[in-house]
Amino acid sequence: LKLLHKNKDSTKTQPKLNLPPGPRTLPFIGNLHYLVSGELPHRALHNLARSHGPVMLLRTGQTDLVVITSKDAAQEVMKAQDANFSNRPVLAAAIMAKYGCIDIAFSNGPYWRQLRRICVNELLSSRQVKSLSSIRRDEVHSMLKWLSSYSDKSPVKLAAKVSEVANNIVACAAFGGRCRKQGAFLKAMKDATEQVSWFCISDIFPSLSWLDLMMKRKLERMYRVVDPILEEIVQEHLQKQRQQKNARDENIEYDLADLLIKAMDNKDLEEPLTFDSVKAVIIDMFSGGTDTTTTTIEWAMTELIKHPNVMAKVQAEIRHAANEKIKFDENDLVNLNYLKLVIKETLRLHPPVPLLLPRQCKETCQLLGYSIPAGARVVINAWALGRDPNCWNNADEFIPERFEGSSVDFKGNNFEFVPFGAGRRSCPGMEFGMAVIEVALARLLLHFDWKLPDGVTPSEVDMMEQFGAVCHKKNRLSLIPILRFPLPDV
Ligand code: HEM
């Protein structure tokens with residue numbers, strides 16, 4: 001009898017969870033149908049949040065998904081309670097694409113901390129990003145040369161060429177240059193990273209993992225192409241390091257693969273790094289650092305072609321700063337304030353990662369009065385935050401001037417504007433990416449005028465999105481370049 005009383009008491013003291021509101025669930029699938037309705041997930045979740053509020057709970061199979069759609073709630077997750085939300089859930093696709101989640105984006109705990117520290121200090125720091133300026137100059141230059149051969153002739157799909165530039169810059173930083181079979185490597189990477197963007201069936205119903213056959217096949221195909229190439233890169237670096245061991249040359253330049261291989265010998269590391277860690281991080285650099293920058297440049301050019309007055313203003317600023325100087329370099333970017341506003345406004349309306357990478361709640365906690373159960377997955381809708389009418393006037397319109405004299409920035413302190421996330425899990429490649437975006441856009445706009453193909457008016461340029469790891473334009477932008485400002489020789 002005593003025991004019965006005791007049990008009764010303990011259930012009485014169990015705090016009742018005040019779960020966030022959410023749509024009604026269907027048997028077995030819960031709210032899954034909302035995510036596979038065909039509508040883009042960031043838009044579908046935004047529409048649902050209008051009815052259910054900025055902290056919303058979706059029951060997706062065997063897991064709970066909390067969707068965050070307000071500045072205050074985002075600040076709670078990424079600042080006030082950042083430590084409790086800084087783990088990533090284990091996603092089935094990431095296990096396959098990232099050597100068992102041993103990369104930066106999907107690992108957790110001390111292993112993740114040390115890997116992130118090495119990459120931030122050695123590759124993604126301001127100093128390192130600056131040191132890559134000649135690589136950016138040469139890669140952008142070769143794109144301009146290619147574009148000039150189409151001057152006033154036929155339309156070009158800009159994104160494909162920009163993507164080549166972004167990939168070559170990352171390849172230089174990650175492993176010192178291009179690799180053999182670079183085309184096949186990049187194609188396989190692209191196919192694979194598209195799979196890691198969103199939850200798949202195994203993540204939602206672990207017991208139905210056999211239904212993920214298509215995804216598994218694609219990832220296996222990617223592994224068969226990518227792994228031997230990465231293995232070759234690692235072995236070449238190892239051999240080079242053995243040869244250099246006794247050279248003691250202060251001027252030897254190290255790339256990320258070199259630095260990670262060196263770190264493998266560091267006895268002070270909490271968790272050992274392996275060759276697979278090196279490979280997984282190289283994959284991270286490509287999956288995180290190429291499509292994001294390409295997409296931002298493509299959306300910026302799309303908005304500019306649709307807003308000829310903004311295009312004229314930004315080109316006038318750049319051409320004035322260049323002032324007949326043929327050799328426009330990165331130091332000239334400092335004065336391009338309006339260009340920076342254009343980029344900010346592009347990132348507000350078109351964050352390349354509209355739903356930030358998922359987090360997982362470590363311990364049950366309270367968030368704006370709601371209980372978030374331990375283990376729940378949390379997704380922040382950065383796209384919806386950037387268009388929240390409570391934070392932005394004329395939220396859906398492209399008005400770079402809105403940032404003039406404003407302290408609102410994307411560096412992780414303004415939670416209505418988080419294209420790079422915020423807090424412990426924010427993007428470590430922000431400076432790296434911004435450096436490419438700024439210089440590429442400045443020079444595309446300095447040297448060329450841009451025209452739509454015959455018969456297309458600015459208002460007809462469509463803005464349809466294609467959801468994936470990165471949300472890019474569904475129909476790639478096609479423009480005719482017209483050379484206006486001579487290209488330098490180098
Ligand atoms: C326009 C350029 C870029 C954008 C908009 C962007 C955006 C993002 C976002 C939204 C996240 C997730 C943040 C979160 O969950 O709170 C992220 C994470 C990450 N990004 Fe970027 N990124 C960009 C460029 C880059 C570049 C150039 C690199 C590397 C070369 C990079 C590497 C990473 C990595 C490794 C992570 C995972 C961080 C972690 O989980 O600790 N990104 N990025």
Side-chain angles (χ1 to χ4, degrees), residues 42 68 74-75 77-79 82 85-89 91 94 98 101-109 111-120 122-125 128-129 132 136 162 165-175 193 196-197 255-256 277 280-300 343-344 346-360 377-383 385-386 410-412 415 417-438 440-441 469-472:
H42 54 282
I68 302 293
Q75 178 157 356
V77 173
M78 295 192 283
K79 189 173 179 187
D82 190 22
F85 288 106
S86 63
N87 269 359
R88 299 269 189 232
L91 300 187
K98 309 282 185 90
C101 295
I102 56 168
D103 62 331
I104 305 176
F106 288 96
S107 60
N108 288 317
Y111 174 87
W112 159 72
R113 262 195 305 279
Q114 77 190 9
L115 204 52
R116 188 175 159 116
R117 198 179 324 119
I118 296 171
C119 289
V120 167
E122 306 292 357
L123 177 75
L124 304 170
S125 66
Q128 285 296 335
V129 169
L132 294 170
R136 284 189 292 272
V162 173
V165 170
N167 276 308
N168 290 343
I169 295 173
V170 169
C172 278
F175 48 76
T193 48
V196 194
S197 58
D255 54 48
L256 183 69
S277 316
V281 173
I282 293 178
I283 292 183
D284 254 5
M285 296 297 119
F286 279 94
S287 54
T290 58
D291 273 6
T292 45
T293 45
T294 304
T295 298
T296 307
I297 292 170
E298 186 179 35
W299 280 120
I343 296 172
K344 270 186 170 180
T346 303
L347 287 167
R348 180 184 73 82
L349 286 173
H350 310 285
V353 189
L355 298 172
L356 300 187
L357 301 187
R359 289 154 198 256
Q360 190 157 38
R377 289 164 185 183
V378 179
V379 162
I380 293 163
N381 194 339
W383 179 87
L385 292 171
F410 46 64
K411 296 191 177 155
F415 293 85
F417 186 33
V418 284
F420 295 95
R424 288 171 172 75
R425 281 290 183 171
S426 65
C427 174
M430 183 172 69
E431 282 194 51
F432 191 109
M434 285 305 292
V436 178
I437 293 168
E438 285 182 2
L441 265 180
V470 165
C471 179
H472 57 73

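Counting starts at 1 for both ligands and their atoms, following the listed order.
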Is there a side chain to side chain contact (heavy atoms under 4.5 Å, CB included) between Ile380 and Leu355? Walk through the geometry before answering. CA-CA 6 Å; Ile380 293 163; Leu355 298 172; over 6 Å; no

Can you tell me which residue and heavy atom of the protein come closest to [atom], and the distance to 0.1 Å?
atom                    : answer
atom 16 (O) of ligand 1 : Arg359 NH2, 2.5 Å
atom 30 (C) of ligand 1 : Met285 SD, 3.6 Å
atom 12 (C) of ligand 1 : Leu357 CG, 3.8 Å

Between the side chains of Asp82 and Arg359, is the shortest nitrogen-to-carboxylate-oxygen separation below 4.0 Å, so that they form an ion pair?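 The answer is yes: the pair qualifies as a salt bridge.
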
Does any N or O atom in [X] lie less than 3.5 angstrom from one in ligand 1, N or O only?
X      : answer
Arg116 : yes
Arg425 : yes
Thr296 : no
Arg424 : no

Ile104 touching ligand 1 at heavy-atom level, < 4.0 angstrom: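 Right, Ile104 reaches ligand 1.
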
Trp112 touching ligand 1 at heavy-atom level, < 4.0 angstrom: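 Yes, Trp112 has heavy atoms under 4.0 Å from ligand 1.
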
Distance check, rounded to the nearest 0.5 Å: [X] atom [atom1] versus [Y] atom [atom2]?
X      : Y      : atom1 : atom2 : value
Arg116 : Ser426 : CZ    : OG    : 4.5 Å
Leu91  : Lys98  : CG    : NZ    : 10.0 Å
Met78  : Arg425 : CE    : CZ    : 13.5 Å
Asp284 : Ile102 : CG    : CD1   : 10.5 Å
Asn87  : Asn108 : CG    : CG    : 3.5 Å
Ile169 : Phe432 : CD1   : CZ    : 7.0 Å

Passing candidate, side chain to side chain contact (heavy atoms under 4.5 Å, CB included) with Val470, options Thr293, Thr295, Thr294, Thr290: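 Single side chain to side chain contact (heavy atoms under 4.5 Å, CB included) partner of Val470 among Thr293, Thr295, Thr294, Thr290: Thr295.
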
With heavy atoms of [X] as the reference, note each atom of ligand 1 found under 4.0 Å away.
X      : value
Pro352 : 5 (C)
Ile437 : 1 (C)
Arg88  : 14 (C), 15 (O), 39 (C), 40 (O)
Pro419 : 5 (C), 7 (C), 10 (C)

I need the minimum non-hydrogen distance between Ala280 and Asp103, along with the two atoms involved.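 Closest approach of Ala280 to Asp103: O-CB, 3.7 Å.
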
Using a 4.0 Å heavy-atom cut-off, which part of Val436 comes near ligand 1: side chain, backbone, both, or neither?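 Neither part.
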
Can you tell me which portion of Met434 lies within the under-4.0 Å heavy-atom range of ligand 1? Options are side chain, backbone, both, or neither.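 Under 4.0 Å from ligand 1, Met434 contributes no heavy atoms.
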
side-chain contact (heavy atoms from CB on, under 4.5 Å) against Glu122, all qualifying residues, sequence neighbours excluded: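 Testing Glu122 for side-chain contact (heavy atoms from CB on, under 4.5 Å), a comparison that skips the adjacent residues, returns Ile118, Leu259.
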
Under 2.8 Å from atom 21 (Fe) of ligand 1, how many protein N/O/S atoms can be counted?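 Step by step: take atom 21 (Fe) of ligand 1, keep protein N, O, S below 2.8 Å, and you get 1.
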
Parallel, tilted or perpendicular: which one describes the rings of Phe417 and Phe410, with boundaries at 30° and 60°?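 Perpendicular.
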
Looking at Trp112, does the NZ or CZ of Arg424 lie under 6.0 angstrom from its six-membered ring centre and within 45 degrees of the ring axis?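 Judged by the rule, Arg424 and Trp112 form no cation-pi pair.
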
